[in-house]
Each structure stands twice: as C-alpha cells, then as structure tokens.
Student: 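Have a look at this one before I ask anything.
All chains are named by letter (A, B, ...) in the order of the sequence lines, taking the proteins before the strands, and each is independently numbered beginning at 1. Computation of the quantities below employed the complete heavy-atom set of this structure, encompassing side-chain atoms and omitting hydrogens, waters and symmetry-equivalent molecules.
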Amino acid sequence: MENNVKLLTETALRISGVNPRKCMKCGKCSGTCPNYDKMEYHPHQFVTMVDRGQIEKLMESDSIYQCLSCMACVERCPRGVEPGKLVEAVRLLKIRQQGMDRKGPIDIPPMVDENVPQQLLMAAMRKYRK
Amino acid sequence: MTYSYYPGCTLKDRAKELDLYARASAKALGIELKELPQWQCCGAVYPQASDEIASRLSSVRALMNAEEGKLVTMCSACHHVIKRTNYDWNNDENFRTKATNYMKAETAYDGSTQVLHFLELIRDEIGFEELAKRVVNPLKGRKIGAFYGCMLLRPGKVLAFDDPENPTIIEDFIRALGAEAVSFPYRNECCGAYVALEDKSAAVNQVDRALHSAAAAGVEELITACPLCRYNLVENAVKETMPVHYFTELLAEALGVKEVQ
Amino acid sequence: MQKIGVFVCWCGSNIAATVDVKAVAEAMKNEDGVVVSTDYQYMCSAAGQKMIQDAIHEHQLDGIVVCSCSPRMHEATFRKTAEAAGLNPYMVEIANIREQCSWIHKDIPEGTEKAIILARSAIAKLRHNMPLQAGTSAVKKRCLVIGGGIAGIQTALDVADAGFEVDIVEKRPTIGGRMAQLDKTFPTLDCSACILTPKMVEASQSEKINIISYAEVEKVSGFVGNFTATIRKKARYVDEVKCTGCGLCMAKCPAKKGKNEFNMELDNRPAIYIPFAQAIPNVAVIDPEQCNKLKNGKCGLCERVCTAGAINYKQEDELIEREYGAIVVATGFQPMDVNPLNELGYAENADVVTSLELERLMNAAGPSKGTLLRPSDGKHPHTIVFVQCVGSRCDENTKRGKPYCSKICCMYTAKHAMLIREKYPDTDVHVFYIDVRTPGKNFDEFYRRAVEQYGVDYIKGQVGKIANENGKLMVQGSDLINGEQITIAADLVVLATAIEPDPTARSIGTMLTSSMDTNDFFTEAHPKLRPVESPTAGIFLSGVAQGPKDIPETVAQAGAAASKVIGLLAKDHLVTNPCVAGSNELLCNGCSQCEKVCPYGAITYIDKEVRGPGVREVRRVAQVNPAVCQGCGACTVTCPSGAMDLKGFSNQQIMAEVDAICL
C-alpha cells in the first residue's frame with residue numbers, strides 16, 4: 001500500500017473503531033440500509049474496500065454523502081463491525097482536506113425552504129464541511 | 001419537582017410548539033422544566049469519530065450544568081447527541097481527558113448526570129398509569145402511530161431508551177392518553193434525515209414507505225419527538241399524507257392545557 | 001541411602017543422533033545413590049526391559065530413572081517392568097530426553113548437556129519418591145441417563161443391551177425429545193417419528209431400562225462408580241400404572257387453553273393431556289396451571305370419565321434416591337429466543353416462524369394436520385422466504401446471538417425448501433444464506449438437489465428488515481452476488497434459528513461438577529481423543545449437550561458414550577490413581593479455598609481432632625476423597641498454608657527437580 005493510502009486507512013480505522021477483519025461478509029448491513037439504491041458503494045463494500053486499500057475510491061464517491069447516519073447497520077451487524085461508523089470516518093477524512101467542503105455557508109441558504117428546521121441546517125453544516 | 005431542561009435550537013424556532021406544549025404539560029403534571037442557562041447547540045448530529053472532541057463539548061457543558069443530576073431533553077437529536085456524549089465521557093478515557101483539557105473548567109464534569117428524554121421522564125419518574133389518571137381530555141377513538149425514527153433508539157446499547165427493534169414506549173404513552181396506539185413496522189426507520197437538503201428523493205422514498213406502512217396498519221395521525229422527522233414526514237410526503245404532531249401537543253391536549261397556549 | 005539405577009535409551013537414532021547417550025550414562029554414575037547406569041538401543045523392547053529387571057535384582061535397586069521418550073509414551077510400560085521385578089511402580093521416573101531434548105536440538109554437545117540435566121533432575125525427584133499403593137472402589141452396576149431424547153434413548157439402549165440397568169430421567173411427560181417434533185430427516189427424508197418411535201418402544205419394553213418421565217435430577221453426590229442421585233418425579237396427578245392412555249379425559253376436559261408445547265405452542269391442548277399419540281409412557285398428565293380442579297376445586301370431570309380410576313388430584317412430587325456407577329448427560333437443546341433480532345419481526349408477525357415451528361406446521365400430527373398453512377389466516381403460502389444463520393455466528397458483544405455455527409440449519413433449511421417445492425410446486429422458495437455448510441455424507445448432493453432439481457432460489461446475503469404490509473411480509477435483504485438490495489413479498493418467513501443448550505444444562509453441570517464452555521455446552525475430556533467423556537470421571541456426554549450436531553452424529557456419539565459406560569460398569573472395582581492430593585491436617589487452617597477450587601468436588605471439610613507436637617484439639621480441616629480426586633493439583637497451588645500436597649508430585653519433589661536444574 002502506498003504511504004498516503006496507508007495513512008488514510010489507518011486513520012479511518014482508528015477514528016471509527018471499526019475492525020474490518022471481524023466482518024463475515026453476510027451482507028446484513030447492505031440488506032438493512034435504507035438508502036442503498038442511492039449509493040455507488042454500499043455499506044459492506046466500505047468495510048472490504050477500506051481493508052483492501054481502496055479508501056480513495058470511497059473518498060471520491062458520492063456515497064459518503066448518501067449515508068443517512070441512521071445506524072441501522074450499526075445496530076444490526078451480527079459481528080459488531082458497525083459499518084456506518086466507517087462511512088462517517090471516510091467522509092470526515094474527505095472533508096477534513098483543505099478546500100474539500102461539500103457545501104459551504106454560501107451554498108446552503110438557497111437550498112432551504114421556510115419550514116426547514118434548524119436541526120437540519122446544523123446537521124448539514126456538520127456533515128458537509130469542516 | 002424541578003428538572004434541568006435542555007430545549008435545543010429548533011425548539012426555539014421551527015419547533016416552538018414541541019417546547020411550549022412540553023412546558024405546559026409538565027406544569028400540569030406538577031413538574032417544572034428549568035431551562036439551562038446559556039446552553040449551546042448540541043450540533044444536531046453526533047460526531048461518530050473518536051477524534052472529534054470539540055464538537056462534543058457543548059454537550060459536556062450542558063451535562064455539567066444540570067442540577068440534581070438529571071437533564072431533561074425533548075428533541076430526539078439533542079437527546080441522542082447529549083446521551084451519547086455522556087456515554088463517551090464515562091467509557092472513553094481519551095475523550096474524557098482531552099475534553100477536560102479543552103474546557104479548562106475549574107472542576108471537571110464527574111460523569112454522573114442522567115440524560116432523560118421527556119418520554120423517559122414520564123415513563124420512569126411519573127409512570128404511564130399515573131399519566132393516564134391525569135388525563136382530563138382522553139383522545140378517544142383516535143388511531144395514532146408513533147414515528148420513532150433512528151435517534152431515540154440507536155445504538156440501543158448506548159441510548160438504552162427502549163428495545164431498538166420493537167419499541168413500545170410511545171405506544172404506551174399514546175394509550176395512556178386514551179387513544180388507540182397503532183404499531184407499524186417502519187416506525188423505527190430513518191426519515192431521510194439531512195440528506196433531504198441536497199436530494200429530496202431519499203427522504204421521499206423513506207417517508208413514502210413509512211407512511212404507506214402506517215396507513216396500511218390503520219394509523220390516522222402520527223406523533224414524533226424529532227423536528228427533522230416531522231419536516232420530512234410532512235414536506236416530503238408524496239403518495240400518502242397524514243397529520244404529524246409532536247408528542248407534546250397531544251399530551252397537552254389530553255391534559256387539557258393545549259388551549260392555554 | 002537409596003540405590004538408584006539409570007537406563008539411557010537410544011531410541012534407535014531418535015535420541016542417539018543428537019544426544020551422546022554413553023556420555024549421559026557415564027555422567028549419571030557420579031550422581032549420589034546411583035549404583036548402575038547404562039544405555040541400550042531400545043529400552044522399551046523386551047530385551048531392554050529385561051535389562052532393567054536384571055539390574056533391579058542384581059543391585060537391589062530402590063528406584064530407577066529411565067531416560068527415554070515422553071512419559072505419555074512409555075511411563076506405564078516401565079512401571080509394569082519395575083513392578084514385575086518387585087519394585088513399587090511409583091519408584092520409576094522418566095527423564096524425557098526425546099521430545100523435550102533430542103528432537104528439538106541439532107547440536108550434539110548441547111543436546112547431551114541438556115539430557116544430563118534432565119536425567120539429574122529426575123534422579124533428584126526420585127530421591128524423594130515414596131512407594132504408592134493404588135486403592136480400589138466398588139462399581140455400582142447402574143447407569144443414569146439425564147435426558148430422554150434420541151441421544152439418551154440410544155445410550156440407554158446400548159448400555160441395556162450389554163446387560164446393565166439404566167434409568168432415563170426425562171423432564172417432560174414423554175421421552176422422544178426434539179426428534180419427536182421433527183417431520184422428516186435429512187438427507188434421506190425418512191419420517192422422523194417412524195424411525196424414532198420404534199426406539200422409544202424398545203426402550204420402554206427393555207427389562208433393563210426404567211423410564212422416569214416428568215422428573216428432574218435434583219442432587220448428585222459421590223464419584224465415579226459410586227454416584228448417588230436424588231430424582232424429583234413431579235406430580236402428574238395421574239397414576240402411571242392405572243392410566244391406559246385411552247385419551248377420554250383429554251376429549252372431555254373443558255379447559256382447552258393450554259399452550260401445546262409439543263406443537264411449539266402453535267395450537268392449544270387441554271389441561272389434561274398426552275403430549276402426542278406415540279408418547280412413552282402413554283400416560284396423561286395434568287397441567288396444574290390450567291386445571292380448574294387444581295386451581296379452584298371446580299370441575300373434576302376427568303376423574304369422573306376415567307374408567308381406570310387413574311386420576312389423583314392429591315398426587316404429590318416423589319423423591320427417588322438411587323445409586324449409579326456412571327452418569328450420561330443427554331440434555332439436548334432448544335431454539336434460541338429470536339427476540340433480540342426483532343428487525344426480523346418474529347414477535348409481531350404470526351407468519352414469521354422458527355424452523356422448529358415449521359416442522360410442526362408440516363407434520364401430519366401438527367396443528368394443520370400436515371398441510372402447510374400459514375398461522376395468521378390458515379391460507380396456503382405461495383412465497384416462502386428462509387433466513388439462515390439467525391442468531392448463529394454472532395459476535396458475543398453484540399448480544400444478538402451465539403458465537404458458534406449451529407451446524408444443522410443449512411441442511412434442515414435445504415430439506416424444508418425441498419419438501420415444500422415437492423409438495424407445493426406452485427410455491428416460490430427463497431433462501432437467504434451467508435455460507436451453505438454441508439460437510440457430511442450425501443449432504444452437499446442433497447443441497448444441490450434442492451437447487452437443481454427442486455428450483456429453490458438461494459440468495460447470498462442477509463435480511464435486514466421484515467415488515468408486514470397488508471398481510472404480506474416484505475423481506476428486505478441484500479443479494480451480494482447480484483450487487484443489489486432486494487425486497488421479496490412473502491407469505492411466510494422461516495427463521496433458521498440458532499440452537500442453544502437446554503436451560504437445565506447449567507444447573508446439571510454444576511451438580512455434576514462437570515465443566516462447561518461459555519455457551520453452556522458440556523466440555524469433553526479431550527476435544528479429539530476423548531470426545532464423549534467429561535473431564536469428571538464417570539460422567540459421559542451424549543448428543544447436543546456437548547455441542548451442535550445432527551441425528552446421525554448424535555446417535556454415533558450416544559453409542560460411543562454407551563461403550564464408555566459399559567467399559568466402566570463391566571468392572572467390579574476401579575483402581576484409583578494413587579497420585580492424589582492429601583491434606584496435612586496440622587497445617588490446614590480450614591479456609592475452604594481448596595474446596596472452592598476443586599473441579600471434581602473431591603474435597604470436603606470435617607471437624608476432626610488433630611494431634612501433633614503440642615496440639616490436641618478439634619479443628620475444621622480439609623479432607624480429600626482419593627476416589628474422586630483426579631490429581632490435577634489445583635488445591636496444592638491454592639492452599640495458602642501449604643497443607644495440601646499431591647502424592648507423587650509433592651512440593652518437595654518438584655522443588656528438588658527445579659533445584660537439580662538451577663543449582
């Protein structure tokens with residue numbers, strides 16, 4: 001593994017606390033994911049791809065912004081792998097890079113309708129930028 | 001009884017009624033919700049990575065400032081973030097040390113505050129039987145479904161709110177108010193969350209499935225504790241629509257204090 | 001001064017290629033007490049043994065050290081050699097210069113040096129050896145089998161066949177166990193009841209087998225060959241001798257709301273009932289929770305209709321005390337509670353069933369008389385989804401199930417799928433699986449047949465959620481091969497639920513001081529070489545109590561356990577191992593720590609007059625039952641006052657060995 005990928009992989013595993021080797025590849029996470037069809041890479045693929053040094057593909061994919069953080073896969077994983085935490089870690093590694101905000105304070109207001117709760121705005125700010 | 005209370009941002013604006021009805025109902029139940037002084041936004045989403053320290057500090061401050069060892073929350077998101085932060089404080093030494101250093105507080109938080117959602121307060125400190133006795137205006141004949149969403153329930157080990165796959169607390173609450181509680185399988189699934197900002201279709205799919213499932217089970221109106229769930233259930237409902245209230249609104253109605261507001 | 005002989009074996013080139021055996025023999029001549037030291041090519045051969053015996057006679061030896069292979073290999077051989085020459089067999093020590101020396105070294109000087117040290121160490125120990133006498137204890141010629149499923153029945157039949165008395169204690173009102181509930185068996189598809197019931201009948205007709213049904217073992221004491229068990233025979237309120245099993249009481253009983261345990265509670269049974277038509281004993285039992293007469297004195301109908309006069313509302317529990325030489329644990333299994341996995345909707349949907357429930361739904365004696373109808377509305381299901389590994393193979397920290405593979409589910413699911421496709425070809429059958437595990441004779445062929453001939457659709461992936469929508473079960477899962485998430489609208493969902501040991505296993509294990517693993521399966525004495533024996537002498541394991549297994553494996557293990565029981569009961573006396581613990585009563589402070597740590601229950605405390613220099617008083621002291629003690633030594637290392645010592649491996653002997661190496 002080249003150095004950058006190695007560092008990214010190690011960081012993702014460390015901050016998520018996920019051990020991909022615990023995965024038995026049963027597909028429960030992807031079977032339970034409510035936003036499966038919107039994702040290019042699915043929860044079980046996050047686990048195997050990070051393990052195989054393909055974290056950069058995940059970082060370049062829109063899938064990191066499709067995870068709803070609903071924690072269904074975290075709750076239901078029979079091996080305690082908890083893929084949702086890894087998706088979050090990969091997203092953080094992406095937006096922590098300089099200039100990699102998904103959305104900024106200028107982008108968001110035009111997207112908002114009058115009923116949008118503050119909770120949603122705050123969540124979006126947390127998920128889309130650092 | 002007086003409880004320290006953390007209302008959260010949304011309850012000061014778009015979800016004012018969640019807060020107002022809660023306060024009125026609490027009063028009717030002989031409880032005072034004492035708003036924490038100078039509380040700060042919880043951040044709306046729990047930062048799942050272990051090295052996210054600063055984003056959890058506002059929760060720690062709220063936990064520190066709670067009186068009598070209990071902190072009442074109303075919004076699902078605030079409850080989720082503060083409860084999980086509290087769990088981290090008690091289980092993750094790295095977080096505890098770093099957060100203490102960041103805050104430079106004179107006395108460190110001792111980890112002892114119990115985070116109580118208002119529903120938990122009713123269940124565990126008042127009891128649904130007692131609540132039923134206080135109801136003056138039973139919601140007879142109404143078929144109400146509970147939309148739990150994700151944040152109250154998962155991860156079950158940390159939230160310890162109810163069985164994350166087969167919760168009953170809101171159904172028990174509905175029954176205590178004199179209405180018929182109608183259960184449906186998607187009550188503990190996601191509403192589509194914040195992704196609705198960028199792409200409504202995810203929320204539309206989720207809401208569609210949930211509302212269809214609820215309607216099929218015979219639900220005529222839904223209640224929730226989450227402003228984001230309510231937003232999605234109302235604004236992103238396409239095929240099926242139904243009234244969605246905050247649980248406190250029905251509580252106030254049943255306790256006969258709704259009109260006071 | 002002892003006279004010691006040292007005999008160094010070459011083991012062909014096994015030892016001699018790496019150890020200079022002559023140098024070792026020569027060096028030992030200088031050790032205190034050694035009067036003869038020699039070497040030979042094969043010490044275990046007849047000539048080698050004769051050489052040792054001649055030396056014992058010639059030099060009047062008090063003890064010998066054989067430098068050879070591991071004592072596991074030939075200690076018994078050389079002990080017999082010594083005994084035949086008139087030497088106490090426990091005056092033999094082995095220095096292992098093969099496995100622990102020549103095989104692991106390449107360099108001759110290094111190997112030789114180590115062999116010398118090992119030999120010296122053995123001599124040092126031998127100097128402290130005492131002649132030991134093995135005792136004997138009588139064997140009670142009766143076997144107790146706990147559990148009357150196929151495992152217990154098979155063990156009982158085999159033991160009885162050898163001419164020994166057997167008691168089967170079964171907690172339910174009838175023997176037969178789980179196998180009686182099954183419809184067909186894989187991979188032959190023969191009717192489970194048809195092959196089981198003849199065995200049940202055979203057991204009941206055997207003069208040597210005594211079936212104690214509706215009973216539980218309450219207490220066990222004693223040791224191998226000499227157990228005493230107290231058995232509580234629960235009141236069934238029906239005289240077992242008088243009852244003819246006619247069933248009239250069942251038909252007349254007005255309280256019909258009892259959950260039918262035999263049918264996995266899918267239908268109801270009367271308060272007085274016989275679990276199933278072929279039950280043995282074919283005797284009714286009254287459920288006191290349901291019976292109006294027993295609850296409030298109102299009714300008594302069964303008593304009036306019973307022509308045999310068998311009903312006895314005043315019957316009480318009966319305690320039976322019996323002695324046994326051997327005990328067999330055959331406590332079996334139950335399906336795991338699937339409620340921790342409620343995303344699968346078992347609690348909320350009648351049409352989400354476990355596999356054992358499906359067995360009853362498909363069985364001719366089941367609630368739907370063998371026609372597969374779904375429980376909610378009694379309609380024929382057209383789309384059926386099976387979910388495998390439900391509760392199996394889970395990480396323990398998730399609290400979602402068991403860490404082990406339940407082993408039987410892949411095969412019974414293939415069986416279910418095949419039988420349904422055979423009987424109801426208009427039914428679509430889908431199976432969500434993680435892996436299909438089919439090791440076993442004709443097992444993979446069977447599974448392939450389900451796919452290829454019967455058109456069962458196997459989907460690699462797991463189910464994430466099951467939701468009821470207008471009576472359809474929407475099964476949402478992943479199809480990992482196709483890379484998609486799919487939702488199947490099913491009429492019936494079958495969960496291949498993990499199996500777990502019967503809940504009584506833990507208390508029985510404690511009662512028998514028979515070790516168990518963290519999943520409450522009984523542990524075998526050796527996972528490979530002693531698979532049907534518990535580490536506790538005289539306790540044998542049969543069936544799923546030891547670990548998940550299917551019927552053929554269970555029957556094989558049951559037979560193996562029986563042969564071990566027969567081997568034990570065939571002896572009139574048992575020779576006890578003299579290397580047992582003993583307590584120095586003068587040093588014992590009565591702390592009970594040894595009693596707590598003893599895995600065999602060999603230690604008890606008694607009040608006893610202790611006499612010694614300046615001491616004469618009654619004290620509470622530890623006492624070891626040498627017939628039960630297995631010589632593990634746990635007590636000797638636990639004893640804080642150094643009172644506990646192990647014969648043949650005393651603290652003094654072990655320290656002498658260590659000193660010989662280190663000083």
Side-chain angles (χ1 to χ4, degrees), chain B residues 87 91-92 143 145-172 174-175 180-192 195 201-202 205-220 222 239-240 242, chain C residues 336-354 374-377 383 385 387 389-391 394-403 432 462-478 484-493 495 497-498:
Chain B
Y87 182 89
N91 292 281
D92 178 357
K143 295 180 173 175
F147 191 83
Y148 287 85
C150 329
M151 286 192 286
L152 283 179
L153 298 167
R154 292 190 288 264
K157 195 169 70 179
V158 178
L159 273 293
F161 181 80
D162 201 348
D163 178 346
E165 299 297 353
N166 192 15
T168 53
I169 174 170
I170 306 184
E171 282 78 5
D172 293 339
I174 294 167
R175 277 188 284 271
E180 183 185 337
V182 182
S183 185
F184 62 102
Y186 288 103
R187 68 196 190 282
N188 64 335
E189 295 295 326
C190 183
C191 65
V195 176
S201 67
N205 286 346
Q206 288 301 107
V207 167
D208 220 39
R209 192 170 64 168
L211 291 180
H212 180 69
S213 158
V219 175
E220 288 170 359
L222 283 172
K239 289 186 200 155
E240 195 105 38
M242 66 173 71
Chain C
M336 188 192 99
D337 172 18
V338 286
N339 281 321
L341 311 156
N342 228 333
E343 73 274 10
L344 301 177
Y346 176 79
E348 293 159 297
N349 296 292
D351 298 331
V352 178
V353 300
T354 67
R374 54 185 223 160
S376 64
D377 55 9
T383 302
V385 171
V387 187
C389 297
V390 174
C394 294
D395 183 84
E396 286 162 283
N397 295 323
T398 64
K399 308 277 177 223
R400 293 176 62 84
K402 309 293 177 183
F432 281 94
Q462 266 298 299
V463 170
K465 175 109 181 168
I466 296 175
N468 189 329
E469 269 184 44
N470 294 326
K472 281 276 180 193
L473 296 163
M474 308 305 283
V475 183
Q476 176 192 314
S478 53
E484 56 182 2
Q485 189 184 71
I486 54 174
T487 301
I488 299 172
D491 301 311
L492 183 70
V493 175
L495 308 178
T497 311

Student: Are the side chain of B/K157 and the backbone of C/N397 linked by a donor-acceptor contact shorter than 3.5 Å?
Tutor: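 It does not hold such a pair.
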Student: Between C/K399 and chain B, which part of the residue has a heavy atom less than 4.5 Å away: side chain, backbone, both or neither?
Tutor: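 Nothing of C/K399, per the 4.5 Å heavy-atom cut-off to chain B.
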Student: Do you know the tightest heavy-atom contact between C/A347 and B/N166?
Tutor: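 Scanning both residues, the minimum pair turns out to be CB-ND2, 4.0 Å.
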Student: In terms of heavy-atom pairs under 4.5 Å with chain B, which of C/G471, C/G345, C/A467 leads?
Tutor: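 Between C/G471, C/G345, C/A467, the count favours C/A467.
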Student: Walk me through whether B/E165 and C/Y346 qualify under side-chain contact (heavy atoms from CB on, under 4.5 Å).
Tutor: CA-CA 11 Å; B/E165 299 297 353; C/Y346 176 79; over 6 Å; no
Student: Taking the basic N atoms (NZ, or NE/NH1/NH2) and the acidic carboxylate oxygens, is any pair closer than 4.0 Å for C/E348 and B/R187?
Tutor: yes
Student: Does atom NZ (B/K143) have a neighbourhood of more than 12 heavy atoms from anything else shown, all under 6.0 Å?
Tutor: no
Student: Any idea which of C/L341, C/N470, C/I466 has the most non-hydrogen atom pairs under 4.5 angstrom with chain B?
Tutor: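 Top count of heavy-atom pairs under 4.5 Å with chain B: C/N470.
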Student: Start with the C-alpha distance between C/Q476 and B/R209, add both sets of side-chain angles, then the distance that settles side-chain contact (heavy atoms from CB on, under 4.5 Å), and finish with yes or no.
Tutor: CA-CA 12 Å; C/Q476 176 192 314; B/R209 192 170 64 168; 2.8 Å; yes
